[in-house]
Participant: 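One structure, as structure tokens, below. Some questions next.
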Protein chains: 2
Amino acid sequence: MVTAGGAPTVETIAERAGVSIASVSRVLNGHGARPETVRRVERAAAEVGYVPNAVARSLKGGRTRQLTFAMQDIGNPVYVAMVRQIQSIAKAEGYRLLLHSTDAVAEDELAVVRSLADRTSDGLILCPIRITPEHIEALRTAARPVVVIGSLPEEERVPVDSVRADSVAGAGLAVRHLAETGRRRIAFVNGPADTVPGRNRHLGYHRALAACGLRADPELVVTTEFTIEAGASAMHRLLDRLTAGGAGTSAGGPGVSAHEPGDPGGPGLDAVFCANDQLALGASQALHSRGLRIPGDVAVVGMDDTVLVRAGWPPLTSVDLGSAERGRIAAEMLLERISGPRAGSGQKAGSGPGSGSVRDPGPPARTRTVTPRLVVRASSAPARPGPDPHAAPAGHDRGEAAS
Amino acid sequence: MVTAGGAPTVETIAERAGVSIASVSRVLNGHGARPETVRRVERAAAEVGYVPNAVARSLKGGRTRQLTFAMQDIGNPVYVAMVRQIQSIAKAEGYRLLLHSTDAVAEDELAVVRSLADRTSDGLILCPIRITPEHIEALRTAARPVVVIGSLPEEERVPVDSVRADSVAGAGLAVRHLAETGRRRIAFVNGPADTVPGRNRHLGYHRALAACGLRADPELVVTTEFTIEAGASAMHRLLDRLTAGGAGTSAGGPGVSAHEPGDPGGPGLDAVFCANDQLALGASQALHSRGLRIPGDVAVVGMDDTVLVRAGWPPLTSVDLGSAERGRIAAEMLLERISGPRAGSGQKAGSGPGSGSVRDPGPPARTRTVTPRLVVRASSAPARPGPDPHAAPAGHDRGEAAS
DNA sequence: CTGAAAGCGCTAACAG
DNA sequence: CTGTTAGCGCTTTCAG
């Protein structure tokens, strides 16, 4: 029953109800009107199935009620966890969510930040792979509020909010847990060393090793990509290297003490900490395919606590770096920037020459850090108990939080 | 260096370049102008860092260059696969992607369809859980093109394009593969029976069983939710039931032939086909925890061929129902509707009384069905070979396509 | 309380 | 080739 030729507009309703378009607008936005007017407008609107044109509304109001979330690849479970939270909060606040995969192309990330100027979105949550000087500049001049999930160089004082994980502490949690459950030769399968997570997790691993009085053996560390396949081959490489008695790969290192743990002729390591769950899953598979038992022979710990931990066998102990929580916090911070208390009145800003700048910066940028949490499951149970942990009864893997 | 107080507009540039706003618009849209004019406008635009206001543009043009994708829960890998494709195509065509999780609330799905009337998006790709009469009505009167991923009741002649998977054939592929590799007692762990996938996969299972000359034993079928945990407990239930010698659950059924395959006292089944990968992973875990070997004692086959198949151990044989391809096709169909050949001029439409309808329906609705593909991995290798398939060398799970 | 009218920023007729 | 002008649909002064 829609008026032929185009969707109904305020004018359609005004004519039908015999009032002005201004009254229609007022009634529809609950700005008060005579009961009789309200009745007639509402009736007319219902009859024609009127739906306000959101675009026109945005043009007038300057807000689109859209948020953008940009990350490398939605295929990564960590981002999926974030999207879920962000979408849920956005929805609850009446915002739509625009998704943007950058495929890890820095140029694309920049484009997303710059495109905020096109007024399509009221704010952006960005997960950058690497922060370049161009990023800093783009963030500085962003046309809309931005929240970065990741680490921003502190000395740059980039004026955007951010939420970060504590990879260093997280890696420490994993290593300490392994050491406390009796593991002595803890290997480390890391992601690319030139990424922030890669660097931090490596640092955390080393620090915790030292804190636990364990020797850091370079033979036990291997670096690769953040994928299941890479994890598997990295683990194979590690095992080859260790059982070969320090033959090829390591140049000047002393012979590998391949027989230290458990039975002689063992794998030369009794635990492996992996920089994310994909790597841990790959490592598990490599161990399985060589007939090594988890956690009997080798304990495995992953990181990020994604949905994947319950997919592997045995269920994977993992360090939850708070993906979901970071997503939630980022969304909250962003919404606060968008509609929260305008202008930081509590401070006499240094008011340099460029006072009338592009956008009211509001309160100073905040950085929040999410505390990691170790979730213990079967893959890191102490080696002692039952002869075949593979036959452990189900229900054994209920996650348990630790400091 | 932006003009203080608001972003630059065509007017800002017009003044700066000493031309009219019309010329600015023309130059910016490549509609030809005197070289001198072009130069001046471009220079002015660059100087002020002009970015066109997409909202204003949309209001004028009636298109937003935004697409919406709505599904139950982005946590499901099947949807992740679709999103990736859709996002990638959308991006290539200059469209943004709006994501919408309905949390399986039918009311929410309807709201998404109806909200197309607010002009926020140029088209919608919808993955409905169930099609109600309200859905039909909403789709019929949708204000923008919609493509449904899933099955639409044919007799209703809903005027929207759709892409569907062939679950029936897919289930058949799985069962036939198991039968051909020597399995005789093929169990089936299904999802909810009141869903389209649940019904179809069940149908496919039965048909294939019959085609292979295997007896359909109700004791071998169990129904539950589509999750890993549910898969594990369903598998446990199945094993309890079968090894208990047909004690409680089944009322009038004859005793279970629990000793048919392999060694006496075996599990009473030698294969299990699961209606999706999550269920298959759960089933694998249950089997492991009971000391049963995969595929030595029991072969496992999943469905959807999600990223999860490589997470489990051994890698899971799975039926690829073409999630990614369905996403791709849906996106292509939608874009074709949006900007493709307008109006179906090749046909003298029956032109009933309601000729001047809401929206030009364009060419008649099309339905495309994606052909399933079996991807064989280690979890369904024949039982004969090596005594311990767990120790199979890596690299054994390269996916292989079959009819 | 209500109507007339002015724009939000842009594009596209329509004259010159 | 260029400038003037009329809207896209809505919200919001400003009078009445």
Side-chain angles (χ1 to χ4, degrees), chain A residues 2-3 5-42 44-45 48-65 115-122 143-144, chain B residues 2-3 5-42 44-45 48-65 115-122 143-144:
Chain A
V2 176
T3 310
T9 72
V10 277
E11 195 171 352
T12 317
I13 297 178
E15 283 170 6
R16 222 181 153 92
V19 299
S20 73
I21 61 169
S23 288
V24 173
S25 176
R26 282 189 208 103
V27 171
L28 263 25
N29 292 302
H31 287 194
R34 192 171 27 148
E36 167 65 7
T37 309
V38 173
R39 212 183 49 71
R40 296 172 64 172
V41 170
E42 282 176 345
V48 301
Y50 173 75
V51 177
N53 180 323
V55 176
R57 209 172 240 182
S58 293
L59 179 58
K60 187 100 252 274
R63 327 274 270 353
T64 55
R65 302 208 72 91
S115 78
L116 281 170
D118 78 3
R119 263 56 186 169
T120 277
S121 157
D122 293 344
R144 288 273 184 271
Chain B
V2 177
T3 310
T9 71
V10 275
E11 197 172 349
T12 318
I13 297 178
E15 284 170 6
R16 220 181 155 91
V19 298
S20 73
I21 60 169
S23 287
V24 174
S25 177
R26 281 191 207 102
V27 171
L28 262 26
N29 293 301
H31 286 194
R34 191 174 26 154
E36 167 66 7
T37 309
V38 173
R39 211 183 49 72
R40 298 172 64 171
V41 170
E42 282 176 344
V48 301
Y50 173 76
V51 177
N53 181 324
V55 176
R57 208 172 241 182
S58 293
L59 180 59
K60 185 101 254 274
R63 329 271 274 353
T64 56
R65 301 206 74 90
S115 78
L116 281 170
D118 77 3
R119 262 60 185 165
T120 276
S121 155
D122 293 344
R144 287 272 183 271

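Labels below follow one simple rule: chain letters A, B, ... track the order of the sequence lines, proteins then strands, and each chain is numbered from 1.
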Participant: To the nearest 0.5 Å, what is the distance between CZ on A/Arg144 and CZ on A/Arg119?
Facilitator: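 Rounded to the nearest 0.5 Å, the CZ-CZ separation comes to 4.5 Å.
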Participant: Is any side-chain heavy atom of B/Leu116 closer than 4.5 Å to one of B/Ser121?
Facilitator: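 Yes, close enough: below the 4.5 Å cut-off.
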Participant: Below 4.5 Å, heavy atoms only, C-beta onward: do A/Val24 and A/Tyr50 meet side chain to side chain?
Facilitator: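 The answer is no; the side chains never approach within 4.5 Å.
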Participant: Students often get this wrong, so: under 4.0 angstrom with heavy atoms, is B/Val19 touching a base, only sugar-phosphate, or nothing?
Facilitator: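 Since only primed, P, OP1 and OP2 atoms lie under 4.0 Å of B/Val19, the category is sugar-phosphate.
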Participant: Return the CD1 to CD distance between B/Ile21 and B/Glu15, rounded to the nearest 0.5 Å.
Facilitator: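 Going from the CD1 atom of B/Ile21 to the CD atom of B/Glu15 covers 10.5 Å.
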Participant: Got a sec, which residues hit side-chain contact (heavy atoms from CB on, under 4.5 Å) with B/Val38, two or more places apart in sequence or on another chain?
Facilitator: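 Residues passing side-chain contact (heavy atoms from CB on, under 4.5 Å) with B/Val38: B/Val27, B/Ala33, B/Glu42.
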Participant: How long is the gap from CZ on B/Arg65 to OG1 on A/Thr120, to the nearest 0.5 Å?
Facilitator: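 Result: 11.5 Å between the selected atoms.
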Participant: Apply side-chain contact (heavy atoms from CB on, under 4.5 Å) to B/Ser25 and list each qualifying residue two or more places apart in sequence or on a separate chain.
Facilitator: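 Result, side-chain contact (heavy atoms from CB on, under 4.5 Å) vs B/Ser25: B/Asn29.
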Participant: Please list, in 5' to 3' order, the outermost nucleotides of DNA chain C lying under 4.0 Å from any heavy atom of chain B.
Facilitator: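 The footprint of chain B covers C/dG9 to C/dA13.
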Participant: What I'd like to find out is whether the side chain of A/Thr9 reaches to under 4.5 Å of the side chain of A/Asn53, using heavy atoms alone.
Facilitator: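 No, side chains not in contact.
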Participant: What does nucleotides 10-16 of chain D look like as a protein-contact string, B for base, S for sugar-phosphate only, - for none, at under 4.0 angstrom between heavy atoms?
Facilitator: BBBB---
Participant: If the helix axis at each end comes from five base pairs, how far does the helix from C/dC1-D/dG16 to C/dG16-D/dC1 deviate from straight, to 10°?
Facilitator: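 For the helix from C/dC1-D/dG16 to C/dG16-D/dC1, the axes at either end differ by 50°.
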Participant: Sequence neighbours excluded, which residues qualify as side chain to side chain donor-acceptor pair (under 3.5 Å) partners of A/Asp122?
Facilitator: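 So A/Asp122 forms a side chain to side chain donor-acceptor pair (under 3.5 Å) with A/Thr64.
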Participant: Between A/Gly49 and A/Pro8, what is the shortest heavy-atom contact and its length?
Facilitator: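 The pair with the smallest heavy-atom distance is O-CG, 4.3 Å.
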